[in-house]
Structures are given as structure tokens and as C-alpha cells.
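Keep in mind that this is a model prediction, so the values were computed, not measured. All values below come from the heavy atoms of this structure, side chains included, with hydrogens, waters and symmetry mates left out.
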Amino acid sequence: MTLWLFKSEPDEYSLQDLAAEASGFGRWDGIRNYQARNFLRDRVAVGDGVLFYHSACKIPAVVGTAEVVRAAYADPAQFDPESKYFDPKASADKPRWYCVDLAWRSEFAHPVPLADIKKNPQLTEMVLVKQGRLSIQPVRQEEWDSIVKLGGK
DNA sequence: GCCAACGTTGGC
DNA sequence: GCCAACGTTGGC
């Protein structure tokens with residue numbers, strides 16, 4: 001099992017949106033960055049744990065956890081001309097973009113802000129700190145444990 | 001809204 | 001097969 005950190009803009013899709021899914025899971029789609037796609041397509045597996053991170057908002061922070069419940073499949077939005085994620089260069093037998101399904105697991109009592117993570121000597125090696133712009137990234141077990149502890153859940 | 005880091009693309 | 005240009009991302 002691998003542990004991950006997934007970023008989402010809360011205006012687009014928040015942890016609360018995932019928690020409110022009637023089906024019990026949500027589709028993590030719209031990934032259009034190659035580095036993130038490669039992780040999604042090649043490494044993310046059912047049962048993997050996910051730190052849910054809110055980005056591009058007032059206080060960027062890890063806000064809770066989720067779990068992967070379906071591994072990579074072709075993101076349907078790339079085939080839909082009406083979608084903003086439409087990609088004319090993608091085809092059904094040669095999809096370019098992938099998505100997974102996630103289930104909500106927990107919401108932190110105390111969100112863990114990026115600013116605090118940067119100040120924490122135990123967490124300075126996180127990809128989140130070392131490489132800013134990556135929306136899907138692996139997390140070490142120790143990092144997961146520290147953040148969940150800080151989150152209070 | 002700027003701009004830096006990244007993987008991919010495509011012209012040569 | 002090199003490498004400059006491109007699109008995406010996201011903190012500031």
C-alpha cells in the first residue's frame with residue numbers, strides 16, 4: 001500500500017463535497033498535469049490512503065483523509081466536447097488522462113496548514129515542501145503519522 | 001496575476 | 001534524438 005497527498009481546490013471539489021457524495025465515493029478527475037497523471041495511472045492502487053489537501057485558497061492545508069476505492073480508468077471528461085477538460089487528442093483506445101474514485105475517511109479537528117508543515121523539522125522532506133506544484137504526490141508513513149496526529153484525528 | 005518547476009511535445 | 005517551447009499548477 002502506498003500513501004498519497006491529493007490536492008484539490010475547495011471551490012471546485014472540497015473534502016466536504018466528497019463526504020456528501022450520496023454514492024459513498026467521488027471521482028477524482030480533471031487531472032491534466034503529466035507528472036500527476038503518471039502517479040495516478042501507474043502507482044495509485046485500491047486501498048491506498050490519501051491526505052486530502054485544499055489548495056489555491058486562503059489557508060492551504062491538509063484537511064482530512066480519504067481512501068482509494070477504484071484504481072485508474074480513463075477520465076470520461078476528456079472525450080466530452082462540452083467539458084472544459086475535453087482533449088481533442090485523446091481517443092477511447094488511446095486515452096491521455098486518468099481518474100480514480102475516492103471514499104471519505106475523516107475530517108481533521110484541526111486542519112494542518114502548509115505554513116506549519118514548512119516550519120516542522122520532521123516534515124521538510126515532504127514533496128509538498130520540496131516541489132510546490134504537484135497535485136498528486138507520495139507521502140512517507142512517518143509524514144502521514146505526523147500530519148494525522150497534528151490534525152487531531 | 002506573476003512566474004518557476006515540471007513532463008511532454010514536436011520541429012529540425 | 002536533441003532541446004526549446006508549451007501547458008499546468010499553486011503559493012505568494
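Evaluation of the side-chain contact (heavy atoms from CB on, under 4.5 Å) rule for A/Lys89 yields A/Asp87, A/Arg96 as partners, not counting sequence neighbours. Considering only residues two or more places apart in sequence or on other chains, A/Gln131 meets the side-chain hydrogen bond (donor to acceptor under 3.5 Å, both in side chains) condition with A/Gln35. For the ring-ring contact (aromatic ring centres under 6.0 Å, His included) test, no residue two or more places apart in sequence or in another chain qualifies with A/Tyr53. When the salt bridge (Lys or Arg N to Asp or Glu O under 4.0 Å) test is applied to A/Arg105, the partners found at least two apart in sequence or on another chain are A/Glu67. With sequence neighbours excluded, the residues forming a side-chain hydrogen bond (donor to acceptor under 3.5 Å, both in side chains) with A/Asp145 are A/Gln141, listed by chain and number. Applying the side-chain contact (heavy atoms from CB on, under 4.5 Å) criterion to A/Ser146, with sequence neighbours excluded, gives A/Gln122, A/Leu123.
Whole-Å rounding puts the A/Arg32 CZ to B/dC6 C1' distance at 18 Å. One atom, CD of A/Gln131, and another, P of B/dA4, lie 16 Å apart when rounded to the nearest Å. For the pair A/Trp97 CH2 and C/dT9 C1', the interatomic distance rounds to 12 Å; values are reported in whole Å. The CZ-P distance, from A/Arg37 to C/dT9, rounds to 13 Å in whole Å. Distance A/Phe39 CZ to B/dC6 P: 12 Å, rounded to the nearest Å. Per the geometry, CD1 belonging to A/Ile31 stands 17 Å off C1' belonging to B/dT8, to the nearest Å.
Here the CZ-CZ distance, from A/Phe6 to A/Phe52, works out to 10.0 Å after rounding to the nearest 0.5 Å.
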Table please: side-chain donor-acceptor pairs of residues 132-140 of chain A below 3.5 Å, with sequence neighbours left out.
unit_1: A/Gln137; atom_1: OE1; unit_2: A/Leu128; atom_2: N; d: 2.6
unit_1: A/Gln137; atom_1: NE2; unit_2: A/Leu134; atom_2: O; d: 3.1
unit_1: A/Arg140; atom_1: NH1; unit_2: A/Glu143; atom_2: OE2; d: 2.7

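Of the residues in residues 82-93 of chain A, A/Lys89 come within less than 4.0 Å of DNA chain B through at least one heavy atom, sorted by number. Listed in residue order, the members of residues 10-18 of chain A having a heavy atom less than 4.0 Å from DNA chain B come to none.
Looking at A/Trp4 and A/Leu51, their side chains never come closer than 4.5 Å, going by heavy atoms from C-beta outward.
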Short N/O separations, protein against nucleotides 10-12 of chain C, under 3.5 angstrom:
unit_1: C/dG10; atom_1: OP1; unit_2: A/Ser135; atom_2: N; d: 3.4
unit_1: C/dG10; atom_1: N2; unit_2: A/Arg133; atom_2: NE; d: 3.0
unit_1: C/dG10; atom_1: N2; unit_2: A/Arg133; atom_2: NH2; d: 2.7
unit_1: C/dG10; atom_1: N3; unit_2: A/Arg133; atom_2: NE; d: 3.3
unit_1: C/dG11; atom_1: OP1; unit_2: A/Tyr53; atom_2: OH; d: 2.8
unit_1: C/dG11; atom_1: OP2; unit_2: A/Ala56; atom_2: N; d: 3.0
unit_1: C/dC12; atom_1: OP1; unit_2: A/Lys118; atom_2: NZ; d: 2.7

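A side-chain hydrogen bond (donor to acceptor under 3.5 Å, both in side chains) check over residues 71-80 of chain A, counting only residues at least two apart or in different chains, returns the pairs A/Arg27-A/Tyr73, A/Arg32-A/Asp75, A/Tyr73-A/Asp101. Applying the salt bridge (charged side-chain N to carboxylate O under 4.0 Å, His left out) test to every pair with at least one member in residues 33-56 of chain A, sequence neighbours left out, gives no pairs at all.
For A/Asn33 and A/Arg96, each mapped to the nucleotide of DNA chain B holding its nearest heavy atom, the one lying further toward the 5' end belongs to A/Asn33.
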